[in-house]
Every structure is written in structure tokens, then in C-alpha cells.
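Below: the structure, in C-alpha cells.
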There are 2 protein chains.
Amino acid sequence: MGITERKEREREEMRKLILDAAQTLFLANGYEKVSIRNIADTIEYSPATIYLYYKDKNELLYALHQRGFVKMVSEFQSLRSLSDPFERLVEMGRAYIRFAVENPELFDLMFIMTAPMDKLDKEDWVEGDQAFGLLMTIVQECMDAGIFKKHDVQATSMMIWSGIHGYTALFLRKRLGMFPECDRQPIMDEAFDLFCKTLRHGL
Amino acid sequence: MGITERKEREREEMRKLILDAAQTLFLANGYEKVSIRNIADTIEYSPATIYLYYKDKNELLYALHQRGFVKMVSEFQSLRSLSDPFERLVEMGRAYIRFAVENPELFDLMFIMTAPMDKLDKEDWVEGDQAFGLLMTIVQECMDAGIFKKHDVQATSMMIWSGIHGYTALFLRKRLGMFPECDRQPIMDEAFDLFCKTLRHGL
DNA sequence: GCAAAATACTGAACAGTGTTCATTAAGTTT
DNA sequence: AAACTTAATGAACACTGTTCAGTATTTTGC
């Protein structure tokens, strides 16, 4: 009897239907402005139905959080073609910033929003761990190649991640009001450049 | 007739009464969990009354945003005693992180939350400008003293701010799940230390 | 001192939110 | 065909920010 299998498949399809609708709405309108009722409307089901497939709104957000990491890690794959480890590091930083600017809502969910992160176990961090692991590998390679002095790889990677993350967080959350609109991009670019040079000479 | 003056004074007192109550509640319970009705209850007025003194909830948040910057800038005053400009810079970074950890909700409002920043004019950035101005002054002094090479002061300051901000943002928003709980603080400290050293040698 | 004008305040309502649950409809098993 | 299981829903609950007509209270002009 393949009925249970079909049921399971239908259930998975329904979960995908809901999540796809949620993703479209969230990424288009932001998380605040999308309600369970909105999602229910677009898939033409009752709001209560959504709760049969996802425990609550946060579980929906967390599912997207995971999708975001999968997308980001996949975009990092293009780095493999670069042979020079430092160049790869710089390009990874650029990719991180690019991802943030091109997918602001996803990035928000992944690194800034509080909502879905309230209580996460270690198992929920596989994707984030993967991305950070990639960074650590590149940093290690920079050390092996003599580009960086030998330091604790974890702390060094953390320092670099923080440095890059800072820009994107301040930029996305519109905290650069002290600069005139037109100056912001150039200043950001110059600051990123300076950060890379400082790493190159000082680490 | 001092009646208009008294009225003005009473109005200001009422604004303070509301804002104080809001601050206490917000900083204790977080912004999400405090409603206008909660605030109204604690000051024993009707919810509608609050709208006679503040346009909406965001105006309340923005008033606290300003208070936060005043507090932060006042905490930076202790830096004046340090004579070495680089030491002053490091200590400013420490003070920034300390402020964030000790006043997480205020910091959130000032640098992370989207809510009150939706549309701010240039005049609303005086306090932030002041803090960033202080940073630029110290960076300039580091350059004058020959500790840093001469670069664009704005971009350099921005780079340093981003670097420090990154830690605090990731930490406050609980994005260090890949590290075991007990390792986080040491890694953060080491990363901060490494950032300072890297600036010292590489900038 | 008293009526009229101005100000301060509030209860109730509106339109929305996330979430739950008894009830109904559909599908599966015996 | 009847009994059982599963899926979907309408309606409700307890909230939210915000508005507004109406009621107190205070100030003004006579």
C-alpha cells in the first residue's frame, strides 16, 4: 500500500507550497508586513491550515533561514576557481556583502533578526557552521602560504567575519545617516578596501 | 500671565513621565513585548492620552534612541584622560562593546532595530554624528602621531567602526551558535585583541 | 461670580495580529 | 455501507497600534 507514501509526499508538497508563498511574500514585503492570513490567502487555504504544517510563524522563518544559508553557501562555490588564498578571502568578503545587498531580507533573517533565533540547538547550526568552516579553511591557507602570521584560526576568522559583517549590518539597517546619500557607497568601498589592505599588511 | 509657561512645563513633565515609563518597560522586557496599553497602565492614564504627547510608538522609540546616544557619548568622556591616541582608540572600542553588552536594548535601538529609523532627516543624526566625530578625531590623531599611515580619515574611521560593530551585532543577535557557549567570550576577546594588533601593524 | 470657550482626557471602536479548537468535510479501512 | 481516521475550516480569544466622538476639567472674557 503506497498510500502512506503518497500522504507523506502530499504533506511535503503542502509544506513547500506554504514555504514558497511565505518566501515570496516575506522577501517582497518584509517580515513585519506579512501575516499568516496573507500567506493563507495567496495559497487559498484557511489560516488555521498553516498551523497543521508549521508549528508557528517562527518555524516558517527558520525554514527560510536555512534556505538562505544554502543559497549563500552555493554562491561561495565560485570561489573555488581562485587559486591565491588571499584573493579568495577578499572575494569571499565581496560575495558576503553582495549577498547581503542583493538579498537584504534573507540576510536580515540569517544574521540580524532576533525572531527565529530565540532558542536554537547546535544541530540547527550546520549551515552556518559550514560557511564559517569555509572561512576558516581559507584563513588557514593564508597562514600556510605565509600571507598571514600564525594565529588562532578561529579567532582570526571571527575577527575577519566581524569586520565584514559590520559594514553590511550598518548599511542594511540604515545607520550611515551621517554621510550624505551619494557619499555612502564610495566610503563603504574605500573602507572595505582599507580593511583588506590592513589585513594583508598587519595580520 | 505665567499660565502658558506652566502649561508648557506640565506638558514637558507629562512627556517625561511617559518616556520614563516607556524606557523602564522597554529596557526590562524588550520592545516587542511592551505595548502602548502597558505604558498607559503603569502611568495610570488612558492609552489615547499617550498619543496627545507622542505621535506614535516610533516617536517614543526615537526619543529613547536619542537618550541612548547621550548616554553613550557621556561614557566616552572618560577617554579624555588617556594621552596615547592609539590607546584611546582601543579603549573607545572597548567602551563601545561594554556599552552594547551592558545596555543591549538601548544599543539595539541605536544601531540595529529598523523601527525608529524608517525615515530620519539629517538633523536627527546630531548625536550619532558627534560620536562618529569623536572617532574621527582620534583616528586623525593616530595618523598625526605616525601610528597609522595617512589615509582618508572618514573611510578609516568607518572601517574601524564596522570592525568593532560587527562583533557586538553578531554577539547581541546570538549568531555565535557554532561555538560552544563557554568558548564564545574568549574567542570574542581574542578576536578584538587581534583586530587592535592588526590595526596597529597594518594601518 | 458665572457662562462660554479652550484644553485635557477617556471609552469605545476599528482593523489588524498570532494562535487555538470544536466542528465539518473528505478519504481510508474494515 | 458503516466505522474510523485524517484534513481543513470558521469562529473565537486575547492581543496589538491607532483614531475619534464625547466627557470632564480648566481658563478666559464679561
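Below, each value reflects all heavy atoms present in this structure, side chains not excepted, and no hydrogens, waters or symmetry copies. By convention in this document, chain letters (A, B, ...) are assigned in the order of the sequence lines, proteins followed by strands, and residues within each chain are numbered from 1.
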Within this structure, what is the OH-to-C1' distance between Tyr54(A) and dA7(D), rounded to whole angstrom? 17 Å
Are Tyr53(B) and dC9(C) close enough that a side-chain N or O sits under 4.0 Å from OP1 or OP2? yes
Rounded to whole Å, the CE-P distance (Met14(B) to dT7(C)) equals 17 Å
Mind calculating the distance between CD (Glu10(B)) and P (dT26(D)) to the nearest angstrom? 10 Å
Mind calculating the distance between CG (Asn29(A)) and P (dT17(C)) to the nearest angstrom? 12 Å
Tell me the interatomic distance from Leu61(B), atom CG, to dT18(D), atom C1', rounded to whole angstroms. 15 Å
Considering only side-chain heavy atoms of Leu52(A), which listed nucleotide, dT10(C), dT19(C), dA8(D), is closest? dA8(D)
I need the CD-C1' distance between Glu59(A) and dT19(C), as an integer number of Å. 14 Å
Please give, in whole Å, the distance from dT9(D) P to Ile43(A) CD1? 9 Å
Does CD belonging to Glu32(A) count more than 12 external heavy atoms closer than 6.0 Å? no
Nearest to the side chain of Tyr51(B) - dT19(C), dT18(D), dG10(D)? dT18(D)
Identify whether NZ of Lys or CZ of Arg in Arg173(B) sits under 6.0 Å from the centre of the six-membered ring of Phe111(A) and within 45° of that ring's axis. no
What about Phe76(A) and Tyr96(A), are their ring centers closer than 6.0 Å? no
Give a yes/no answer on whether the side chain of Thr49(B) brings an N or O atom under 4.0 Å of OP1 or OP2 in dT10(C). yes
Classify the angle between the aromatic ring planes of Tyr62(B) and His65(B) as parallel (below 30°), tilted (30 to 60°) or perpendicular (above 60°). parallel
How long is the line joining NZ of Lys7(B) and P of dA6(C), in whole Å? 12 Å
Just checking Arg6(A): base, sugar-phosphate only, or nothing, at a heavy-atom cut-off of under 4.0 Å? sugar-phosphate
When Ser46(A) and Lys57(B) are each assigned the nearest nucleotide of DNA chain D, the 5'-most assignment goes to Ser46(A)
Determine whether a donor-acceptor pair (one donor, one acceptor, N or O, separation below 3.5 Å) exists between the side chain of Arg37(B) and the base of dG17(D). yes
For dA8(C) and Tyr45(B) - does any side-chain N or O of the residue sit under 4.0 Å from the phosphate oxygens OP1/OP2? no
For a quick test of reading the model: is some side-chain N or O of Ser35(A) closer than 4.0 Å to OP1 or OP2 of dT17(C)? yes
Please indicate whether Glu10(B) has more than 12 foreign heavy atoms, meaning atoms of other residues, nucleotides or ligands, lying under 6.0 Å from its CD. yes
